[in-house]
Amino acid sequence: MGKCPNLDNCAFFAGKIAGKTELIDSLKQTYCLDDNTCCARWQVSRLKGIGSVPHDLYPNALDRLRDLLR
Ligand code: SF4
């Protein structure tokens, strides 16, 4: 656990994803800076490559993983 290895290459962490600032900041703290292992974006990048991560995917959008990892 700890900072995500994708920090420098992640559109979500870079603030390029639309959404409520408070929610995004909270997700960054929980996933990006503390424990990336459960992040949906991380899991897609790890298994399919970072280029396969949908731009709008939120770290907590685990419900989308099954389709994305097919
Ligand atoms: S959103 Fe996920 S992949 Fe992106 S930096 Fe945060 S933990 Fe890593």
Side-chain angles (χ1 to χ4, degrees):
M1 293 199 288
K3 289 182 182 177
C4 178
N6 282 356
L7 282 185
D8 293 338
N9 302 308
C10 181
F12 185 87
F13 190 75
K16 296 178 181 173
I17 309 297
K20 292 184 178 176
T21 304
E22 285 182 15
L23 173 60
I24 289 174
D25 286 348
S26 172
L27 292 172
K28 284 182 183 178
Q29 187 61 49
T30 300
Y31 292 91
C32 310
L33 300 175
D34 188 24
D35 183 3
N36 64 298
T37 57
C38 291
C39 170
R41 295 183 71 94
W42 166 256
Q43 292 188 38
V44 173
S45 72
R46 185 172 61 90
L47 296 170
K48 294 275 194 168
I50 199 162
S52 297
V53 179
H55 182 76
D56 65 344
L57 186 65
Y58 267 52
N60 61 343
L62 299 175
D63 56 315
R64 294 178 63 185
L65 277 183
R66 184 165 25 168
D67 286 341
L68 292 169
L69 297 181
R70 274 190 187 148

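Just follow the structure's listing: the first ligand is 1, and inside any ligand the first atom is 1. Nothing here was measured: the structure is a model prediction, and the numbers come from that model.
Without hydrogens or angle criteria, R41 side chain to D56 main chain gives no donor-acceptor distance under 3.5 Å.
Residues Y31 and L23 share a hydrophobic cluster, clusters being chains of Ile/Leu/Val/Met/Phe/Trp/Tyr side chains in contact below 4.5 Å.
Around atom 6 (Fe) of ligand 1, protein N, O or S atoms at less than 2.8 Å comprise C32 SG.
Heavy-atom minimum distance, L69 versus V44: CD2-CA, 4.0 Å.
With respect to R64 and D67, no salt bridge is recorded, no charged nitrogen being found less than 4.0 Å from a carboxylate O.
Taking CG of N6 as the start and CZ of F13 as the end, the distance is 11.5 Å to the nearest 0.5 Å. Note that the CG atom of L57 and the OG atom of S45 stand 10.0 Å from one another [nearest 0.5 Å].
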